[in-house]
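In what follows, a structure is listed as structure tokens, so that the remarks can point back to it.
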Amino acid sequence: MAPSILLLNGPNLNLLGTREPHIYGATTLTDVENHCASLCAAEGVTFSAFQSNHEGFLIDRIHSARTEKIDFIIINPGAYTHTSVAIRDAIAGVDIPFIECHISNVHKREEFRHKSYFSDIAVAVIVGLGTYGYEAAVKYVLQTEKFKKKD
Ligand SMILES: O=C(O)[C@@H]1C=C(O)[C@@H](O)[C@H](O)C1
């Protein structure tokens, strides 16, 4: 069975491309997902993506990731980064390694964005690289042992 990556995006990230482009850029979420999918396909890695504006739907998708035996999660929890113990508990509870990814440099923004409920349990945190952060996260995962292409 091919190793698998799940990309999760939280609230308002469905608006990427038109939402505050001076902060989040002009690339759409669909473009991000398609690019990540092509990176994974080239390496024989299964890729899936999910976005929701609803905390419970994100939690349910994280739970199903364990059932599906997803090997790695890349998550941008959006505003839930700063508020959601529930999503933190879900991702800790399924025991799937994850990278926390933010388009903007949250540490240069409002104080309330400096707190994350995820960073201390993440494999890595990527902030401020724009939507390239998603590509960086995928490329990192693809070079880890479990994901390296077997000749
Ligand atoms: O930079 C990002 O991708 C994050 C995205 C959001 O929607 C914000 O609520 C976060 O505070 C930052």
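Values reported hereafter were calculated over all heavy atoms of this structure, with side chains retained and with hydrogens, waters and symmetry mates removed. Atoms within a ligand are numbered from 1 in the order they appear, just like the ligands themselves. In this chain, residues are counted from 1 in sequence order.
- Using modelled atom types, one finds no donor on one side chain facing an acceptor on the other under 3.5 Å when comparing Glu100 with Thr81.
- A donor-acceptor pair shorter than 3.5 Å cannot be found between the side chains of Glu33 and His35.
- Looking at Arg19 and Leu13, their side chains come closer than 4.5 Å, going by heavy atoms from C-beta outward.
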Quick check for students: name every N or O atom pair between ligand 1 and the protein closer than 3.5 Å, with distances.
residue	atom	partner	partner atom	Å
ligand 1	1 (O)	Ile103	N	3.2
ligand 1	1 (O)	Ser104	N	2.8
ligand 1	1 (O)	Ser104	OG	2.6
ligand 1	3 (O)	Asn76	ND2	2.8
ligand 1	3 (O)	Ile103	N	2.8
ligand 1	7 (O)	Arg19	NH1	2.8
ligand 1	7 (O)	Arg19	NH2	2.9
ligand 1	9 (O)	Ala79	N	3.1
ligand 1	9 (O)	Arg113	NH1	3.2
ligand 1	11 (O)	His82	NE2	2.7
ligand 1	11 (O)	Arg113	NH1	2.8

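- With respect to the salt-bridge test (charged N to carboxylate O, under 4.0 angstrom), the residues Glu68 and Arg61 qualify.
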- Task: Run the numbers on Thr27 and Leu16 for side chain to side chain contact (heavy atoms under 4.5 Å, CB included), then give the verdict.
- Result: CA-CA 6 Å; Thr27 304; Leu16 266 187; over 6 Å; no
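- Between Asn9 and Tyr134, the side chains place a donor N or O and an acceptor N or O closer than 3.5 Å (distance only, hydrogens not considered).
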